[in-house]
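Here is the structure we will look at, set down as structure tokens.
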Amino acid sequence: MKQKLNIISIIPLLIFVAIFLGSGLYFDNFYSLPAPIIALFAVVIALFIYRAPLNEKIALFFKGAGDSNVLQMCVIALLAGAFASVAKASGSIDSIVNMGMYYISPQYFPVGIFVMASFLSFATGTSVGTIMTLSPIVFNLATESHSNTALIGASLLSGAMFGDNLSLISDTTIAATQSLGCKMSDKMKANAKIALPMALLSVIVLLFIGNPEAQTFTHSEAYHDFNIVLILPYIAVVIISLFGVNVFVSLFLGVLLSGVIGLSYGKFGFLDFTQHTYKGFMDMADIFFLYFIIGGLALLVEHFGGIQYLMNLIAKHIRSGASALLGMGFLVTVADVCVANNTVAILIVSKISKRISEQFNVPLRNAASVLDIFSCYAQGLIPYGAQVIGLYQFAHTMDYPQLVMYSVYLHLLLIGTLVYIYFSRKKAQTV
């Protein structure tokens, strides 16, 4: 039984967001208070205030926690943790860091990381997979060069969200096009008109910003100590991903290849290999628990009308075709802030967005593009989203406000979209 739509429906989610943000600001560290504990507290509140049999509410929680999207993120996190752990033990990460420090000036690390992450995320369609794959290398480079960790993390985050938004095989692209009923190629063309110029502008901005805090150094012989063979696991993962192989398969093969190379070079024995793999799993325990609990909380809030209450509240203010795209963007942003999953956010608002598109004659390709962009912008910046949490698994002391500030591409993408919507309104008014 769904209860009447009112502000009470959204209280558990508001409590989670308030405690998460409040504790982060108070302690000057968004992860000082364990996020899974905050989420679990919000779930308990939901179980108390929603009017339904307890068994039904618990069943809904586990249905949400066991959602395929949630479990996919959990497994990606486990495999990425195992890959990072075994690659570190085999010497792969140290070799890549040494090679990067020897051949590339730290001043170009931010733009290089942005381009590399953009390429990989576009090829694989996954921002979480891109972040989990590249984070061990990226943050080791940041540490060795004394770079600003937030600047480096923001460059990786921005590049990862580029592909999440634009790639044809991204979950968000698939969700937006299939739920609205438009062709993926049409959506990509409309999306690319905004995303590609903003990506190019981001490269220019990052070149201008540089990496001012990085330590200047000469190409020391210490950094010349790298082995191409040890780098092969990461090369293999990237190449396999570019051929469209499932991210689970590519990460699993990366773990195996790192293990074989580590065994061949005598870096560890077979039992040590299993221990390093398991350690990688355990390193991702926090993120695994958070994904799991947030998935259950999101479904509880949605089922008992919390999301629909917000949707109805916002939809009332869409009066004409001039505000339709902006309204849809705001709808999906609110949904993403609530459920911390951009694919799910798009699915939640897709029905009402399609009705708005039909009512105000908005081309479906434009609606799909706007939904994808706004959801990716919100998902990339919320501190309890999978992407930011993934970054913090490898950079525990990263300054979150600086991370937001340096996420150049995401901000430019939003600005470009708002400009696009503005000129769409002007064009509509002249027709």
Side-chain angles (χ1 to χ4, degrees), residues 2 4-6 9-10 69 125 164-196 298-299 301-339 341-379 413-431:
K2 294 186 180 182
K4 184 179 178 181
L5 300 184
N6 54 49
S9 306
I10 203 71
N69 285 319
D164 195 315
N165 167 232
L166 194 59
S167 175
L168 281 172
I169 59 174
S170 166
D171 286 348
T172 56
T173 295
I174 295 170
T177 55
Q178 298 306 305
S179 60
L180 291 182
C182 71
K183 294 181 179 179
M184 295 177 69
S185 58
D186 290 342
K187 180 265 182 188
M188 184 179 178
K189 291 174 183 176
N191 206 153
K193 290 178 182 178
I194 304 171
L196 292 180
L299 185 61
V301 173
E302 181 185 355
H303 180 82
F304 288 99
I307 306 298
Q308 192 59 48
Y309 170 76
L310 290 175
M311 297 300 99
N312 293 346
L313 200 64
I314 297 167
K316 291 177 182 177
H317 299 283
I318 301 176
R319 303 294 185 185
S320 66
S323 61
L325 284 173
L326 191 60
M328 284 185 276
F330 191 54
L331 281 170
V332 79
T333 299
V334 172
D336 189 79
V337 169
C338 291
V339 302
N341 185 308
N342 46 347
T343 303
V344 174
I346 290 172
L347 294 175
I348 288 172
V349 306
S350 60
K351 290 182 180 178
I352 190 170
S353 295
K354 189 169 185 178
R355 289 202 301 268
I356 292 170
S357 298
E358 293 170 347
Q359 181 179 351
F360 298 107
N361 297 316
V362 175
L364 292 177
R365 62 180 182 276
N366 294 346
S369 180
V370 165
L371 287 182
D372 202 337
I373 289 172
F374 274 84
S375 68
C376 284
Y377 179 81
Q379 182 66 25
L413 181 65
L414 178 63
I415 292 170
T417 306
L418 293 175
V419 171
Y420 173 79
I421 291 174
Y422 174 78
F423 280 106
S424 296
R425 289 166 51 180
K426 298 289 287 185
K427 183 178 179 181
Q429 290 170 359
T430 59
V431 174

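When a residue number appears, it is its place in the shown sequence, counting from 1. Computed from a prediction, not measured in an experiment: that's the story for all the values here.
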Worksheet item: Among side-chain atoms of Thr177 and Lys183, is any donor-acceptor pair under 3.5 angstrom?
Response: no
Worksheet item: Side chain of Ser369, backbone of Arg365: donor and acceptor closer than 3.5 Å?
Response: no
Discussion item. Applying side-chain contact (heavy atoms from CB on, under 4.5 Å) to Val332 and Ser353, what does each step give before you reach the verdict?
Written reply: CA-CA 9 Å; Val332 79; Ser353 295; over 6 Å; no
Worksheet item: Mind checking whether Leu331 and Ile356 have side chains closer than 4.5 Å, heavy atoms only?
Response: yes
Item to complete: Write down the atom of Ala324, the atom of Val362, and the distance for their closest heavy-atom approach.
Response: CB-CG2, 3.8 Å
Discussion item. I'd like to know if the side chain of Ser357 reaches the main chain of Leu364, judged simply by a donor and an acceptor atom lying under 3.5 Å from each other, with no hydrogens or angles considered.
Written reply: no
Practice prompt. Provide the closest heavy-atom pair for Ser9 versus Gly305 in the form atom of the first, atom of the second, distance.
Written response: CB-C, 3.6 Å
Practice prompt. Working to the nearest 0.5 Å, report the span between NZ of Lys354 and SG of Cys182.
Written response: 9.5 Å
Worksheet item: Is a side-chain donor or acceptor of Ser167 paired with a backbone partner of Asp164 at a separation under 3.5 angstrom?
Response: no
Worksheet item: Ile373 and Leu414: side-chain contact (heavy atoms from CB on, under 4.5 Å), yes or no, with the steps?
Response: CA-CA 7 Å; Ile373 289 172; Leu414 178 63; 5.7 Å; no
Worksheet item: Just by distance, with hydrogens left out, do Asn366 and Tyr420 show a side-chain donor and acceptor under 3.5 Å apart?
Response: yes
Worksheet item: Where do Leu166 and Asp372 land on the side-chain contact (heavy atoms from CB on, under 4.5 Å) test, with the steps shown first?
Response: CA-CA 8 Å; Leu166 194 59; Asp372 202 337; over 6 Å; no
Worksheet item: Testing Thr173, Asn191, Asn342 for side chain to side chain donor-acceptor pair (under 3.5 Å) with Asn165, which one passes?
Response: Asn191
Worksheet item: Say you draw a straight line from CG of Leu325 to CD1 of Ile421; how long is it, rounded to the nearest 0.5 Å?
Response: 5.0 Å
Item to complete: May I ask you to test the Asp336-Phe374 pair for a side-chain heavy-atom distance under 4.5 Å?
Response: no
Item to complete: Please tell me if the side chains of Thr172 and Cys376 come closer than 4.5 Å, counting only heavy atoms from C-beta onward.
Response: yes
Practice prompt. Kindly give the heavy-atom pair with the smallest separation between Ser375 and Ile346, and that separation in Å.
Written response: OG-CD1, 3.5 Å
